[in-house]
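Proteins get letters first, then strands, A, B, ... in listed order; numbering begins at 1 in each. In this text the structure is predicted, and so the values were computed from the model without any measurement.
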Amino acid sequence: MVTEKKPVLTIDPSTLPSHFEAKNVEERWTRQWAEWQLHDYADDKPREETFVIDTPPPTVSGELHMGHIFSYTQTDVIARHQRMRGRDVFYPMGWDDNGLPTERRVQNYFHVRCDPTLPYDPGLSIETISDKEKKERPPRVVSRDNFIELCLRLTREDEETFKALWNRIGLSVDWKQEYSTIDNLCRRLAQFSFIDLYRKGHVYQVESPTIWDVEFQTAIAQAEVEDRPVPGALHHIRFGVEGSDETFTIATTRPELLPACVAVTAHPDDERYQGLFGKRAVSPLFHIPVLIFPSKLVSREKGTGILMICTFGDATDVIWWREQGLPLRQILGLDGRLMPVTFGTDGWESLNPEAANNLYRELSGKNLNAARKAIVAMLRVPPGEGQEPPLVEEPKPLEHAVKFFEKGSRPLEIIPTKQWFVRLLDKIDSLLEAGDRITWHPDFMRLRYRDWTKNLQIDWCISRQRFFGVPFPVWFPVNAEGEPDRTNPIIASPDHLPVDPMTTPPPGFDESQRNQPNGFAAETDVFDTWFTSSLTPQICTQWQLGAGRHQKLFPTDLRPQSHEIIRTWAFYTIVKALLHEDAIPWKHAAISGWILDPDRKKMSKTKDNATTPMPLLEKYGADAVRYWTASARLGVDTAFDQNVFKVGKRLVTKIFNAGKFVLSQTAEQHPITNELDLIFMRMLRELVRRVGESYDRFDYAAALKETESFFWNSFTDAYMEMVKSRARGKDTDEAGRGSAVASLRRALSIFLRLFAPVLPYVTEDVWSWAFAQETGNKSIHRADWPTEAEFADLAEPPNPASFDVAVAFLNTINKGKATAKMATGHPLDLLVVAANNATADKLKGIITDVMSGVRARSYRIEENDGLGDEEFEIIEARFAQDS
RNA sequence: GGCCGGUUAGCUCAGCCAGGCUAGAGCGCCUGUCUUACAAACAGGAUGUCGAAGGUUCGAUUCCUUCACCGGCCACCA
């Protein structure tokens with residue numbers, strides 16, 4: 001690595017800036033880096049010297065907060081290190097502008113609604129209107145493509161804001177590799193992905209009970225479900241038995257589903273209910289006769305040990321429905337309201353249809369909460385004179401976990417609908433194995449993936465009943481009766497993507513045949529947004545666009561992401577890589593922790609405890625904020641603590657000032673020969689080795705900590721103090737002076753480079769004063785990452801351990817000065833210290849520098865073997881009268 | 001219910017995988033010093049039954065077991 005040296009620049013100190021002005025420096029270098037195209041992927045190196053990052057595309061509806069800054073900067077530190085190691089870094093940025101949040105925002109902002117059946121209007125002009133006008137006018141109805149245009153228009157503005165912030169914080173992304181999940185490439189690849197999976201037989205459509213969100217009126221996938229504790233109540237309801245006076249009491253939290261009751265079950269060994277099995281129960285109010293059967297799935301301890309099965313109260317109801325071939329009594333509509341039904345008709349058996357219909361009429365059209373209240377009121381009424389009401393006792397309040405769509409506010413329901421699925425349950429072993437082929441940082445995050453994968457219950461539901469998203473590239477033939485034949489879908493050709501089947505006819509058909517007998521009908525569903533975002537590695541590598549690029553860059557090297565989306569983004573990305581190419585999508589997954597607010601709650605926009613980054617960047621500077629993010633290891637949740645920003649800012653100032661001092665010393669090419677200089681270089685070489693190893697493990701936090709501590713304690717506080725006067729030519733010959741300056745400069749150059757991934761601005765600034773020209777590397781961020789090879793020209797010092805002795809000596813004298821209430825820098829006319837023979841011996845070769853470090857003009861060392869190693873005793877310290 | 005991570009100074013965190021010098025850093029606190037890189041600094045000081053209890057060991061913050069508390073993941077949720 002040591003090549004022919006270029007002339008050393010001597011810097012005129014008066015030309016150096018007096019202060020580090022973060023904002024100016026940041027703006028200047030951001031501009032300069034862009035001009036130099038410093039972060040561009042060059043595609044000029046073999047794969048093993050290329051480093052590909054599968055950057056998470058942030059959702060663009062809203063503001064970025066500290067959590068984003070945190071994780072994205074951690075990735076940038078890794079990217080910058082890789083770049084300095086000589087890798088051709090592929091570091092893209094995507095925008096996730098596809099999905100519900102954007103859809104809602106665009107609807108409100110432009111006051112429009114989407115009708116996907118409308119044809120695209122290329123001349124459509126939508127202007128922003130005032131809130132007042134929004135109230136007065138109905139929303140404008142636009143086609144799906146026009147709607148997408150509006151999404152692009154609005155998200156582009158957000159993206160510019162995001163981009164400015166990313167630049168400000170110093171993300172070294174290659175802006176030529178920008179994509180957004182709604183752009184043509186992404187829609188094309190998502191549709192291609194579907195076609196590929198369909199052809200391989202991994203995709204199927206089926207009408208079956210599916211997790212349904214009544215608020216957004218769409219199916220969702222298992223991965224998007226979350227449990228929330230909500231208050232509920234256990235209702236004890238008395239059922240009758242057909243043809244007898246017997247009764248029994250079931251317990252349920254969902255009395256509103258009573259009209260949808262299809263069976264009753266208890267544990268086969270439960271003695272209380274032995275006599276009931278095989279008989280028919282009669283539900284109260286609606287007098288529905290239903291089978292009573294035994295099932296081991298029932299717990300004897302819960303509730304009353306006997307329960308009603310409905311269409312559908314929970315997932316177990318679905319199991320019983322399937323296994324027992326129970327009837328389907330769907331009372332709940334897709335909008336979450338009770339649909340009209342007529343008891344006494346086919347499938348709606350009742351022993352007293354008239355009574356049932358009279359009661360149900362009151363319920364029809366009500367939402368679930370209202371229906372529950374109404375039913376409970378009905379249950380309180382005694383069925384006849386002298387009879388007990390079906391409600392055995394007042395409902396017992398309880399708090400229980402209920403499933404919600406993670407973006408929704410109303411409980412999920414299970415409703416039979418027609419949906420598209422990707423078959424996963426038969427691939428669990430392969431998926432687990434793929435997860436193990438990826439290196440997770442930290443490793444325990446792999447268990448999150450394993451847990452989720454092992455416990456998969458349902459195939460991946462990929463269809464959503466929404467407008468804004470990537471449409472299925474699918475049509476259905478319509479038969480002579482005008483009914484679409486869903487069993488024979490027409491799949492688009494991969495050569496004509498992206499396609500919108502709502503506005504484009506399938507091959508061989510004419511637009512006039514849409515929804516006509518013997519014509520065609522379009523699939524109206526769109527993909528789950530994860531169906532697209534699970535392709536980010538393929539999007540980056542432009543799969544199917546140019547084979548060369550994908551073949552070279554896929555699988556990628558690094559997927560950075562946070563841990564709460566392991567079961568979605570990470571999981572689905574692994575699914576896609578496995579099913580499409582039998583590959584893993586990335587070699588490493590770097591899982592960032594969360595930012596916690598002072599109450600140790602996750603900082604997030606929805607919780608309203610998020611801090612906006614701009615004021616902090618203004619106050620502390622980008623480097624200081626980056627210092628904070630780089631102080632946290634991967635996978636570790638971190639408290640938001642402004643003290644750490646302060647520390648970072650202090651370090652930035654220290655680097656700036658140290659750089660100023662070192663580069664102000666008169667310099668020329670000179671070998672490093674002095675013993676102390678060689679000792680320090682030996683230590684620095686050790687640091688370089690360890691920091692390099694940490695970075696290779698993506699442990700930038702350990703690297704930073706170690707660099708910082710060595711820089712501050714050993715370099716500025718000890719070494720610099722000792723060589724300061726020699727570097728100025730005091731009490732030394734030219735060889736000593738030259739060695740000091742050469743050593744200081746080499747150390748500075750190495751420290752700057754070790755700090756550069758974390759503190760790109762201050763290091764670039766100091767680098768530019770002299771090293772840029774000297775080394776020919778105009779930017780530190782393209783300079784060589786320091787390695788031990790840089791020290792190859794240096795002789796081995798005779799006494800490498802004597803640095804610690806020197807530091808111990810400095811500490812003793814400084815302590816003496818502090819005790820005497822004298823300034824540390826106050827000179828001593830005479831200093832007499834005692835030390836044991838071995839300790840004194842270690843100082844011999846560096847004694848001039850050591851005495852200079854404590855500003856002793858003359859000195860004497862007395863031998864006292866009663867003292868321990870590295871122990872000093874001050875015999876006499878004569879302070880100078882001048883100062 | 002199963003699992004993962006955490007519990008170290010007032011605060012924020014290292015150290016623990018491969019056990020051993022009086023257990024560390026920064027912030028904060030106290031004392032002193034404007035010293036020609038730096039007062040956005042420097043020098044010095046005080047502060048801990050390393051969550052609890054057992055065990056292994058000559059020796060445990062570190063390894064093992066159990067427990068407690070905090071956070072999370074998964075499952076159950078009549």
Selected nucleotide, minimal atom distance to A/Lys815 side chain, candidates B/rA14, B/rG44, B/rC38 = B/rG44
Identify whether any heavy atom of A/Ser631 sits under 4.0 Å from a base atom; if not, whether one sits that close to sugar-phosphate; answer base, sugar-phosphate or nothing.
-> nothing
Picking from B/rA78, B/rA43, B/rA75, the nucleotide nearest the side-chain atoms of A/Val298 would be B/rA78
Would you give a per-nucleotide map of nucleotides 23-30 of chain B, 5' to 3', where B means the base has a protein non-hydrogen atom under 4.0 Å away, S means only the sugar-phosphate does, and - means neither?
-> ---SSS--
Under 4.0 Å between a Lys/Arg side-chain N and an Asp/Glu carboxylate O for A/Asp443 and A/Arg446?
-> yes
Using a 4.0 Å heavy-atom cut-off across all strands, classify A/Arg567 as base, sugar-phosphate, or nothing.
-> sugar-phosphate
RNA chain B: A/Met720 or A/Asn814, which has the more 5' nearest nucleotide?
-> A/Met720
Compare the minimum distances between each of B/rA43, B/rA78, B/rA41 and the side chain of A/Lys654, then state the nucleotide with the smallest one.
-> B/rA41
Within the structure shown, what part of the strands sits under 4.0 Å from A/Lys403 by heavy-atom distance: base, sugar-phosphate, or nothing?
-> base
Considering only the P atoms, how many Å lie between B/rC58 and B/rG24, rounded to the nearest integer?
-> 27 Å
Using atom CE of A/Met445 as one end and atom P of B/rC74 as the other, report the distance to the nearest whole Å.
-> 12 Å
Under 4.0 Å between any heavy atoms, over every strand shown, what does A/Lys817 touch: base, sugar-phosphate, or nothing? Just pick one.
-> nothing
With no hydrogens and no angle check, is any side-chain donor or acceptor of A/Asp623 less than 3.5 Å from a backbone partner on A/Val652?
-> no
If you look at every strand shown and take non-hydrogen atoms under 4.0 Å, does A/Glu721 touch a base, only sugar-phosphate, or nothing?
-> base
A/Glu224 CD to B/rC74 C1': how many Å, rounded?
-> 18 Å
Under 4.0 angstrom, heavy atoms only, what part of the nucleic acid is A/Arg633 near: base, sugar-phosphate, or nothing?
-> sugar-phosphate
If you look at every strand shown and take non-hydrogen atoms under 4.0 Å, does A/Leu234 touch a base, only sugar-phosphate, or nothing?
-> sugar-phosphate
How is A/Ser709 classified with respect to the nucleic acid when contacts are heavy atoms under 4.0 Å: base, sugar-phosphate, or nothing?
-> nothing
How far apart are the C-alpha atoms of A/Phe656 and A/Tyr761, what are their side-chain angles, what is the distance that settles it, and do they pass the ring-ring contact (aromatic ring centres under 6.0 Å, His included) test?
-> CA-CA 10 Å; A/Phe656 180 85; A/Tyr761 290 111; over 10 Å; no
Rounded to the Å, how far apart are A/Asn657 CG and B/rU35 P?
-> 16 Å
At under 4.0 Å between heavy atoms, what does A/Thr716 touch on the DNA or RNA strands: base, sugar-phosphate, or nothing?
-> base
Within the structure shown, what part of the strands sits under 4.0 Å from A/Trp712 by heavy-atom distance: base, sugar-phosphate, or nothing?
-> sugar-phosphate
Applying side chain to side chain contact (heavy atoms under 4.5 Å, CB included) to A/Ala624 and not counting sequence neighbours gives A/Tyr620, A/Lys649
Between B/rA52 and B/rU7 - C1' atom distance, rounded Å | 11 Å
Between A/Gln642 and B/rC11, is there a side-chain N or O to OP1/OP2 distance below 4.0 Å?
-> no
Using the C1' atom on both, measure B/rU33 against B/rG71 and round to a whole Å.
-> 46 Å
Provide, to the nearest angstrom, the distance between the CZ atom belonging to A/Phe444 and the C1' atom belonging to B/rC16.
-> 15 Å
The residue among A/Ile250, A/Ile237, A/Leu285 that forms side chain to side chain contact (heavy atoms under 4.5 Å, CB included) with A/Pro255 is A/Ile237
Name the residue closer to the 5' end of RNA chain B, choosing between A/Thr819 and A/Asp699 according to the nucleotide with the nearest heavy atom.
-> A/Asp699
Using a cut-off of 6.0 Å, state whether more than 12 heavy atoms not belonging to A/Glu393 lie near its atom CD.
-> yes
Counting only Watson-Crick and G-U wobble pairs with both atom distances below 3.5 Å, the stems of 3 or more consecutive pairs that include RNA chain B are B:1-7 with B:68-74, B:10-13 with B:24-27, B:29-33 with B:41-45, B:51-55 with B:63-67
Tell me: CD of A/Glu693 to C1' of B/rC17, nearest whole Å?
-> 15 Å
Would you say the ring centroid of A/Phe710 lies under 6.0 angstrom from that of A/Phe715?
-> no
Answer with base, sugar-phosphate or nothing: what part of the nucleic acid does A/Ala401 contact at a heavy-atom distance below 4.0 Å?
-> base
Write down the distance between CH2 (A/Trp594) and C1' (B/rC70), rounded to a whole number of angstrom.
-> 14 Å
Would you tell me if any nitrogen or oxygen in the side chain of A/Thr316 comes within less than 4.0 Å of OP1 or OP2 on B/rC77?
-> yes
Rounding to the closest angstrom, what is the interatomic distance between B/rA40 and B/rG51 at atom C1'?
-> 38 Å
Using the salt bridge (Lys or Arg N to Asp or Glu O under 4.0 Å) rule, collect all pairs that involve residues 701-710 of chain A, keeping only residues at least two apart or in two chains.
-> A/Arg690-A/Glu706
A/Arg448 has its side chain closest, among B/rC73, B/rA14, B/rA78, to B/rC73
Can you tell me how far C1' in B/rC76 sits from the matching atom in B/rC3, rounded to whole Å?
-> 15 Å
Output the single nucleotide from B/rC74, B/rC77, B/rG44 whose closest atom is nearest the side chain of A/Asn455.
-> B/rC74
Say you pick atom C1' in B/rA14 and the same atom in B/rG2; how far apart are they, in whole Å?
-> 32 Å
Would you mind classifying the nucleic acid contact of A/Lys821 as base, sugar-phosphate or nothing, using non-hydrogen atoms under 4.0 angstrom?
-> sugar-phosphate
Can you list the residues that meet the side chain to side chain contact (heavy atoms under 4.5 Å, CB included) rule with A/Ala818, with sequence neighbours excluded?
-> none
Cationic tip of A/Arg650 above A/Trp712 ring, under 6.0 Å, 45° of axis = yes
What nucleic acid atoms does A/Leu297 come within less than 4.0 Å of, heavy atoms only: base, sugar-phosphate, or nothing?
-> base
Separation between the C1' atoms of B/rU12 and B/rU8, rounded to whole Å = 12 Å
Please tabulate, one pair per line, all N/O donor-acceptor pairs under 3.5 Å involving side-chain atoms of residues 803-812 of chain A, not counting sequence neighbours.
unit_1, atom_1, unit_2, atom_2, d
A/Asn811, ND2, A/Val807, O, 3.4
A/Thr812, OG1, A/Ala808, O, 2.8

Rounded to whole Å, CG of A/Asp317 lies from C1' of B/rC77 at a distance of 13 Å
Whole angstrom value for the distance that separates C1' of B/rG1 from CG of A/Asp451 = 14 Å
SB check A/Glu394 A/Lys396 (cutoff 4.0 Å) = no
Is the backbone of A/Gly435 close enough, under 3.5 Å, to the side chain of A/Trp440 for a donor and an acceptor to pair up by distance?
-> yes
Report yes or no: is there a donor-acceptor pair, N or O only, under 3.5 Å between the side chain of A/Asp717 and the base of B/rC38?
-> no
When rounded to the nearest Å, what value does the distance between C1' atoms of B/rC67 and B/rA75 take?
-> 24 Å
